[in-house]
Chemist: 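One structure coming up, written as structure tokens, with questions to follow.
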Amino acid sequence: MSVLTLYNSLNTFLILGALLFGMGVYGIVTRKTFIGMLIAAELLLAGASVNFMAFNRFTAPDPVVGQIFTLFIMAIAAAEAAIGLSIVIAVYYHYKSINAEDIVQLKG
Amino acid sequence: MISSTPIAAPPALLSADGLVGVIFLVMIGVTIIGGLIACNSERLVRAVAGLIVCFVGVAGLYYFLNSPFVAMMQVLIYVGAVAVTISFAIMLAAPEEQKKIGVSGPLIGPFGFGTAALIAGGFSVLAVRTEWPVIAKINDGSIKKIGIQLLTNYSMVFELISIVLLIAIIGALVIARVERKN
């Protein structure tokens, strides 16, 4: 197994997907603003998509299914980004802040 | 297109197969560096730029996974649409002093890194240790096959995507609308 034939192995892509997922988790946990969290959520979805596409290429009998599912994930991610960002803008008009620690009206 | 048969001997660096491997390594590097910028940079605009770099790398990975169609969609949807939407939100919603973002507490950095490392490491170990069964392909997954399947077997998916996007657009407009006072 040479470094130059890494693209022919399933493990490469699974580890890359896990790395992207880990970066997304790190971003969601540590970011202070809502937009930063949304960016990290996009990383999470990218990691999941890479996993789907890897299994689709290497193990699935019908390589069309994984591609269609990845397209579905992309559409959901686009919808999530649009709704999430419009909520961020509405919150900013209301509180003049996008910091997650400032929006504490419902805190008991 | 990349052949699906595994290569027996390691290729020379400057042969065609070797250059394909080098390009793949570059794509891995672009993806990881972009992801690190996206989740670590101090300014939101730089995080979005890192996200774009990361998505270009992921599109390259999709190309190596035998699906140029999904790679093109990745560039169109993520690099083209989602990144622009996030940039607009940063310009509209982030005041100057909040465009810099730090971590929310002194302990959250190490704990967040620990959690992320645990999850990524756990998934990697799980992926490497498992024997994945390989089943013979029943078609080649080309763009033509995707088109046929999308309009016959998976037409429900096609319609659902349209409805979800329509509702998302209307919902985003309703939520972000500023109420006029008159």
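FYI, side chains are in, hydrogens and waters are out, and symmetry mates aren't considered; it's all heavy atoms of this structure. Chain letters run A, B, ... following the sequence lines, proteins first, then strands; residues in each count from 1.
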Chemist: Give, as side chain, backbone, both or neither, the part of B:L126 having an atom under 4.5 angstrom from any heavy atom of chain A.
Modeler: neither
Chemist: Is the shortest side-chain heavy-atom distance between A:V29 and B:F113 below 4.5 Å?
Modeler: no
Chemist: Would you name the heavy atoms of A:G27 and B:C39 that are closest together and state the gap between them?
Modeler: CA-CB, 4.1 Å
Chemist: Do the side chains of A:M23 and B:I32 get nearer than 4.5 Å, heavy atoms only?
Modeler: yes
Chemist: Count the heavy-atom pairs under 4.5 Å between each of B:G50, B:G34, B:A116 and chain A, then report the option with the highest count.
Modeler: B:A116
Chemist: I'd like to check B:F24 versus A:T12 (side-chain heavy atoms, cut-off strictly below 4.5 Å). Are they in contact?
Modeler: yes
Chemist: In terms of heavy-atom pairs under 4.5 Å, which option from A:A82, A:G22, A:A81, A:P61 contacts chain B the most?
Modeler: A:P61
Chemist: Side-chain contact, heavy-atom cut-off 4.5 Å: B:D140 with A:P63?
Modeler: no
Chemist: Could you check if a side-chain atom of B:N66 sits within less than 4.5 angstrom of a side-chain atom of A:M53, using non-hydrogen atoms only?
Modeler: no
Chemist: Which bit of B:A81 is near chain A, if near means a heavy-atom gap under 4.5 Å: side chain, backbone, both or neither?
Modeler: neither
Chemist: List the steps, then state whether side chain to side chain contact (heavy atoms under 4.5 Å, CB included) holds for B:Q74 with A:T70.
Modeler: CA-CA 10 Å; B:Q74 171 88 6; A:T70 307; 5.9 Å; no
Chemist: At a heavy-atom separation under 4.5 Å, does B:L25 approach chain A through its side chain, its backbone, both, or neither?
Modeler: side chain
Chemist: CD1/B:I143 to CD/A:Q67 distance, rounded to the nearest 0.5 angstrom?
Modeler: 8.5 Å
Chemist: Between B:I148, B:I146, B:V134, who has the most heavy-atom pairs with chain A when the cutoff is under 4.5 Å?
Modeler: B:I146
Chemist: Let me know if A:F72 has heavy atoms under 4.5 Å from chain B in its side chain, its backbone, both or neither.
Modeler: both
Chemist: Given that the side chain runs from C-beta out, which part of B:F69 has a heavy atom under 4.5 Å from chain A: side chain, backbone, both or neither?
Modeler: side chain
Chemist: Is chain B contacted by the side chain of A:I15, its backbone, both, or neither, given a heavy-atom distance below 4.5 Å?
Modeler: both
Chemist: Name the region of A:D62, side chain, backbone, both or neither, that has any atom closer than 4.5 Å to a heavy atom of chain B.
Modeler: both
Chemist: Quick check on A:F55 against chain B: is it the side chain, the backbone, both or neither that has a heavy atom closer than 4.5 Å?
Modeler: side chain
Chemist: What residue in A:A54, A:S49, A:G17, A:G24 has the most heavy-atom pairs under 4.5 Å with chain B?
Modeler: A:S49
Chemist: Report whether B:I170 and A:I87 are members of the same hydrophobic cluster (ILVMFWY, side-chain heavy atoms less than 4.5 Å apart, transitive linking).
Modeler: no
Chemist: Ignoring hydrogens, what is the shortest heavy-atom contact between B:L165 and A:A78? Give both atom names and the distance.
Modeler: CD2-CB, 4.4 Å
Chemist: Which atom names give the shortest non-hydrogen contact between B:A89 and A:L85, and what distance separates them?
Modeler: CB-CD2, 3.4 Å
Chemist: Contact part of A:Y93 toward chain B, heavy-atom cut-off under 4.5 Å: side chain, backbone, both or neither?
Modeler: side chain
Chemist: Heavy atoms only, distances under 4.5 angstrom: which of B:V58, B:L150, B:T115 has the most pairs with chain A? Name it, please.
Modeler: B:L150
Chemist: Locate the shortest heavy-atom distance separating B:V164 from A:A79; write the atom from each residue and the value.
Modeler: CG1-CB, 4.0 Å
Chemist: Under a 4.5 Å cut-off applied to non-hydrogen side-chain atoms, are B:L65 and A:F58 in contact?
Modeler: yes
Chemist: Measuring only between side-chain heavy atoms, which start at C-beta, is B:N139 closer than 4.5 Å to A:V64?
Modeler: yes
Chemist: If I measure from the heavy atoms of chain A, does B:I119 come under 4.5 Å with its side chain, its backbone, both, or neither?
Modeler: side chain
Chemist: Let me check something: do B:I33 and B:I28 share a hydrophobic cluster, defined by ILVMFWY side-chain heavy atoms less than 4.5 Å apart, either directly or through other members?
Modeler: no
Chemist: Taking all non-hydrogen atoms of both residues into account, name the closest pair between A:V88 and B:A93 and its distance.
Modeler: CG1-CB, 4.2 Å
Chemist: Looking at A:I68, A:L38, A:N56, which makes the most heavy-atom pairs under 4.5 Å with chain B?
Modeler: A:I68
Chemist: Measure distances from B:V48 to the heavy atoms of chain A and classify the residue's part below 4.5 Å as side chain, backbone, both or neither.
Modeler: both
Chemist: Contact part of B:I175 toward chain A, heavy-atom cut-off under 4.5 Å: side chain, backbone, both or neither?
Modeler: both
Chemist: With heavy-atom distances below 4.5 Å as the criterion, would you say the side chains of A:T30 and B:F111 are in contact?
Modeler: no
Chemist: What's the spacing between A:L43 CG and B:L51 CG if we round to 0.5 Å?
Modeler: 5.5 Å
Chemist: Rounded to the nearest 0.5 Å, what's the gap from CD1 on B:I90 to CD1 on A:I35? Could you check?
Modeler: 5.0 Å
Chemist: Among the options B:I167, B:T31, B:V157, pick out the one with the most heavy-atom pairs lying under 4.5 Å from chain A.
Modeler: B:V157
Chemist: Start with the C-alpha distance between B:N40 and A:Y26, add both sets of side-chain angles, then the distance that settles side chain to side chain contact (heavy atoms under 4.5 Å, CB included), and finish with yes or no.
Modeler: CA-CA 9 Å; B:N40 275 314; A:Y26 176 72; 3.2 Å; yes
Chemist: What part of A:F13 is in contact with chain B, defined as an atom under 4.5 angstrom from a non-hydrogen atom: side chain, backbone, both or neither?
Modeler: side chain
Chemist: B:I86, B:I77, B:N153, B:V125: which one forms the most heavy-atom pairs within less than 4.5 Å of chain A?
Modeler: B:I86
Chemist: Is it the backbone or the side chain of A:N51 that comes under 4.5 Å from a heavy atom of chain B, or both, or neither?
Modeler: neither
Chemist: List the atom of B:F55, the atom of A:A46, and the distance in Å for their closest heavy-atom pair.
Modeler: CE2-CB, 3.7 Å
Chemist: Does any heavy atom of chain A fall under 4.5 Å from the side chain of B:Y78, the backbone, both, or neither of them?
Modeler: side chain
Chemist: Please classify the contact of A:I76 with chain B as side chain, backbone, both or neither, using a heavy-atom distance under 4.5 Å.
Modeler: side chain
Chemist: Under 4.5 Å heavy-atom distance to chain A, tell me which part of B:V128 shows up: side chain, backbone, both or neither.
Modeler: both
Chemist: May I have the step-by-step check of side chain to side chain contact (heavy atoms under 4.5 Å, CB included) for A:L14 and B:W132, ending in yes or no?
Modeler: CA-CA 12 Å; A:L14 292 185; B:W132 302 107; 3.6 Å; yes
Chemist: Under 4.5 Å from any heavy atom of chain B, what part of A:I39 do you find: side chain, backbone, both or neither?
Modeler: both
Chemist: Checking heavy atoms, do the side chain of A:L20, its backbone, both or neither come under 4.5 Å from chain B?
Modeler: side chain
